[in-house]
Amino acid sequence: MKYRLTTALIALAAAGAVQAQENVLRIYNWSDYIAEDTLEKFTAATGIEVTYDVYDSNEVLEAKMLAGSSGYDLVVPTSDFLQRQIAAGVYMPLDKSKLPNLANMDEALMAGAAAYDPGNTYSVIYMWGTTGIGYNVAAVTERLGEDYEVDSWALVFDPEITAKLADCGVSMLDAPTEMIPAAMNYLGLDPNSTNKADLEAGAALLESVRPNIRYFNSSQYISDLANGDTCVAVGWSGDVFQAQARALEAENGVEIAYVIPKEGALQWFDMMAIPADAPNPDAAHAFINFVMDAQITADITNYVWYANANAASMPLVDPEITSDPGIFPTEAAKGGLWASTVYDARTDRTITRLWTRVKTGQ
Ligand code: SPD
């Protein structure tokens, strides 16, 4: 009798563990990229608990995805990285019957994302943005003068200018596939070129300003700009606006602005996708559909200051955000934006080698 009871209890406990496991969704997303209450609301609506980890680099995410068995159910690669990860068999096709809120998405933007994921088979746009320059208005004016117009990549790529800013702190993203093409573009080269000489020219320009760069990091600049610890950062649109909002909230007198330089900038899409070996793909589908709810997406944009691709959410997004050309670029500015290049393995190796040289001088 005692034996039978113990066996029954073990079976019950095992069933409970399986059920608990089934009710957990493991998300791996970019840092500073979700509203305060999104996960709580998702759990309240579905009963699914969430574990949430963050990264600040596509390369870090890619290494985990290519190694496999990450244990994550939902990840958010940028479109160019997504494309080659799809080719490597990293993701499962979405079951669109579980995603009725796809009807809320902006068709033109989804068509843009389909250039990387034909038919939007594996992914849905989470947020999108540009890579430009965030700066402390007073600190830059103090060093470059009242008449200096901050509208060019010269602010970070001209050694004479960066030398004047070095003391207040200039940072760059630790994102080689963005920084090297931006430098190439400033030199008048095609930012999408995979020609080795062009890539080397971009890297050489970066090396020439390297002594004036305080650090290469893709997340620290939000708080550093907001606190006045740095004065210029090559950064992602929403992150710079978050720095601006934090400074305003702190009432510390720091004014941060974001500019899409006149020479143009990278426009990118971050995509929700489900690893092929995800333990809980049903929960991942439920989350993707939940995020595509107009109010939930609007809440995220209103909190992280990134543009979204959810047409139904637009009336719910703060007009201060929808009308800001740094977040939703004007039609004219859109003409100067370029899309991310998908690099083959050989070009990728060249870029990695050049980036090591830029950062370490070796
Ligand atoms: N803090 C959120 C940053 C999101 C940046 N996405 C990466 C874009 C890469 N081109």
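Values reported hereafter were calculated over all heavy atoms of this structure, with side chains retained and with hydrogens, waters and symmetry mates removed.
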Heavy-atom closest pair, residues [X] and [Y]:
X	Y	answer
Ala226	Ala243	CB-O, 3.5 Å
Val150	Val140	CG2-CG1, 3.9 Å
Pro275	Met65	CG-SD, 4.0 Å
Ile222	Asp239	CD1-CG, 3.6 Å
Thr330	Pro325	CG2-CB, 4.0 Å
Ala276	Met92	O-CE, 3.6 Å

[Y] versus [X], side-chain donor and acceptor atoms under 3.5 Å:
X	Y	value
Thr297	Asn308	no
Asn58	Glu62	no
Tyr258	Asp324	no
Thr78	Asp80	no
Tyr72	Asp53	yes

Side-chain ([X]) to main-chain ([Y]) donor-acceptor, under 3.5 angstrom:
X	Y	answer
Arg214	Asp167	yes
Gln242	Asp32	yes
Asn280	Val24	yes

Exercise for review: Could you check Met271, Met272, Met292 and say which one makes a side chain to side chain contact (heavy atoms under 4.5 Å, CB included) with Ile125?
Suggested key: Met271
Check your understanding: Parallel, tilted or perpendicular for Tyr186 and Phe157, by the 30°/60° rule?
Key ->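 Aromatic pair Tyr186/Phe157 classed tilted.
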Is any side-chain heavy atom of [X] closer than 4.5 Å to a side-chain heavy atom of [Y]?
X	Y	result
Val240	Tyr221	yes
Pro159	Ser208	yes
Lys359	Asp174	yes

**Study point:** ring pair (Phe, Tyr, Trp, His ring centres under 6.0 Å) assessment of Tyr91 paired with Tyr122
**Key:** CA-CA 7 Å; Tyr91 299 113; Tyr122 295 88; 7.4 Å; no
Review point. Hey, is Arg84 close enough to Asp348 for a salt bridge, meaning N to O under 4.0 Å?
Key: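 Judged by the 4.0 Å cut-off on N to carboxylate O distance, Arg84 and Asp348 do form a salt bridge.
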Point to revise | Arg246 with Glu249: basic N within carboxylate O range, under 4.0 Å | key: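 Answer for the salt bridge query: no.
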Same apolar cluster: [X] and [Y], side chain cutoff 4.5 Å:
X	Y	value
Trp128	Ile260	yes
Val90	Tyr126	yes
Leu316	Leu102	no

Point to revise | Within residues 335-361 or reaching into it, pairs that qualify as ring pair (Phe, Tyr, Trp, His ring centres under 6.0 Å) - sequence neighbours excluded | key: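 Qualifying pairs: Phe216-Trp355.
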Exercise for review: Identify the residue among Tyr33, Trp30, Phe241, Tyr306 that makes a ring pair (Phe, Tyr, Trp, His ring centres under 6.0 Å) with Trp236.
Suggested key: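 When ring pair (Phe, Tyr, Trp, His ring centres under 6.0 Å) is applied between Trp236 and each of Tyr33, Trp30, Phe241, Tyr306, only Trp30 qualifies.
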Exercise for review: Output the distance between atom CD1 (Ile288) and atom NE2 (His285), rounded to the nearest 0.5 Å.
Suggested key: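 So the CD1 of Ile288 and the NE2 of His285 are separated by 6.0 Å.
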Check your understanding: If you draw a 6.0 Å radius around CD in Glu40, do more than 12 non-hydrogen atoms from other residues or ligands fall strictly inside?
Key ->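 Counting other residues, nucleotides and ligands, CD of Glu40 stays at 12 neighbours or fewer.
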